[in-house]
Amino acid sequence: MTDKYEQVIELAKRRGFLWNSFELYGGTAGFYDYGPLGAMLKRRVENIWREIFVINEGYYEIESPTIGIEDVFIASGHVGGFSDPLTECQKCNEAFRADHLVGDVVDNPDTLSADDLTVVIGKHNIKCPECGGALGKVYEFNLMFKTSIGPGGKRAGYLRPETAQGMFVDFPRLLKFYRDRLPFGVTQIGKAYRNEISPRQGVIRLREFTQAEAEIFIDPRDKTHPKFSEISDIALILYSQEGQARGSSEKRTIKEAVQNGIIAHEFLGYCLARTYQFLIRVGVSPEKLRFRQHMKDEMAHYAVDCWDAEIQSDRFGWVEVVGIADRTDYDLKAHAKQSETELNVHVSYDKPVRIERFAVKPNMGILGPRFKGKAGKIANALKLLKSEDLSGEIIEVVVDGEVIQVDRGAVSFENISEEVHGETIIPHVIEPSFGIDRITYSLLEHSYFEEEAKAEEEEEEGKRIVLRLPPEVAPVQAAVLPLLTRNELINPANEIVKALRKAGILVTFDDAGTVGRRYRRNDEIGTPFSITVDYQTLEDGTVTIRDRDTMKQVRACIDGIEDNIYDLIYRGKSFDEAGRKV
RNA sequence: GCACCGAUGGUCUAGUGGCUAUGACUUUAGCCUUCCAAGCUAAUAACUCGGGUUCAAAUCCCGAUCGGUGCACCA
């Protein structure tokens, strides 16, 4: 039975949207080429994303390397956590997660290395759960592609598994760029790589894919959004944690959802709404789009709240295409620790605050000669003491597990009153992360229609395949067709092509075969408008414009046709306004 | 990575241990044609790859690759 996926992929292959990569050499799973129409479609999707997140929100785009150094992915957790310890049965060859198998005999299997796990399996005589056969050596399968930087292979490099880390790593520079003020956002559209064990589901799970991500750094104490009112009335289909427990989703406005605590805060709600607007605009069907909240155990431990935009696909069911998470200060803290660099922001108070505090001043002139190398640590420990700790003649502090006694005379202290102008905070990160390939596939699927088309005076019905892509994402935006293959019609058609190209409209010219066949050809690739030059054109300088979806036609002047088409594509001009009815 | 199933022009497909490997659609060239594909003429174009069995393999066997399904995996 052919399902919609097959139909869409067949069309995509045949007409130059999507091709299996390296087909010449037999192909490789998990890689797809975008053909001429697919690449243009994807580019238009990306550009609408830019319009919304870069231009409208002011989150500038950066571009960081697709190869990252090891430190970056140690900090992000991908080196340690992005791999799974696997072991295979020597008898039936079934693969298992080694850490899962030893869960009953060890308390903390996550912390064990592959070698440790091999030892544990041997010691406890753990056998294959399927057939009872012996288990092989445990090995780490890391989902990152590894490479080496420079000659000698000494320095490890990894193809990035997400674009996000490049933006976290640039945090100090970005903070300066945005002149030390929160909130600010930064975006990146680019390739990411994951060496999937077994990629299936065609274009849904790729080893190389395109992400569009925004990292928005906000003040953790203020998760409201200044433009919240612009979107608060938008209603989304929400599949919340409670909804999933009940097994039903519900439609709610963003405002309601935030007020009722379903969505954690305004900022996240705002991102959900903009995501919705983006997806609808590029051609996802609203009824096949929902927002699913991560369950508590599914969410990363540091995340406050996380929502996935999911699109319904005929074959694959609900497919995650966007993840929107409040990642708190996790990433910045992790990179701060790994790089031993502070990653924070000084936030000024509206008015300086006067505070009283107790200050301990160790006398380094005494401590230094006496304690030598330990003096610094001792001084820091002393500074943390409270006034009641300093009452005796001998003061005790614990440094590295050792109790140190310090003479009272080596320490002075006082109550200080000072003005504080602000404080240092680590921003929280809101991260909407888009899978551009999945979105591009989804909108092909949602745009794909087969209909029984019947010419008015014909008896027989034929199948019409039409991609109802929104005009602004359609790879080919207009087709210019002389009604017949005659020079007197071809010449004015060429003039129209020239005018449209000058206006930045991607246009094709086609004079092969009957005009009906050419309309169908263009329907199939989603060309929204066809302009036909006929004999009346020669008399009064008008042409017909045909609408892909309704197959209706209007007559309009050649003069100004480029503005007419431009307005139809980009300015939401209705087709009826484009000319007079035929 | 395992198991099962599959792989024939661009697309879909027929087919058999043996002649030049079906057919349709598409495409190209030309004819025809005054608005919704498949009217005429012609042309182009395929047995996934490697090995084996055989006089002979696209066909049988083995392996690989890719695709589908199930298991496992999916930050």
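A, B, ... follow the sequence lines: proteins, then strands. Residue 1 opens every chain. Note that these values count all heavy atoms, side chains included, but never hydrogens, waters or copies made by symmetry.
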With sequence neighbours left out, what residues match A:Asp534 under side chain to side chain donor-acceptor pair (under 3.5 Å)? A:Thr537, A:Arg555
Check if the side chain of A:Arg205 and the base of B:C73 share a donor-acceptor pair of N or O atoms closer than 3.5 Å. yes
Determine whether the aromatic ring centres of residues A:Trp19 and A:Tyr32 are separated by less than 6.0 angstrom. no
Does A:Phe217 have its ring centroid less than 6.0 Å away from the ring centroid of A:Tyr59? no
Of residues 478-488 of chain A, the positions that come close to RNA chain B - non-hydrogen atoms, cut-off under 4.0 Å: A:Leu483, A:Leu484, A:Thr485, A:Arg486
A:Arg517 has an atom CZ; how far is it from atom P of B:U27, in whole Å? 6 Å
Rounded to whole Å, please give me the gap between CG in A:Asp3 and C1' in B:C12. 16 Å
Inter-nucleotide C1' distance (B:A7, B:U59), Å rounded: 14 Å
Looking at residues at least two apart in the chain, or sitting in another chain, which of them share a ring-ring contact (aromatic ring centres under 6.0 Å, His included) with A:Phe17? none
Can you confirm if the NZ or CZ of A:Arg546 lies within 45° of the ring axis of A:Tyr519 and under 6.0 Å from the centre of its six-membered ring? yes
Quick one: does A:Asp326's side chain have a donor or acceptor within less than 3.5 Å of a partner on A:Asp305's backbone? no
Ignoring backbone atoms, test whether A:Arg520 places a side-chain nitrogen or oxygen under 4.0 Å from the OP1 or OP2 oxygen of B:A37. yes
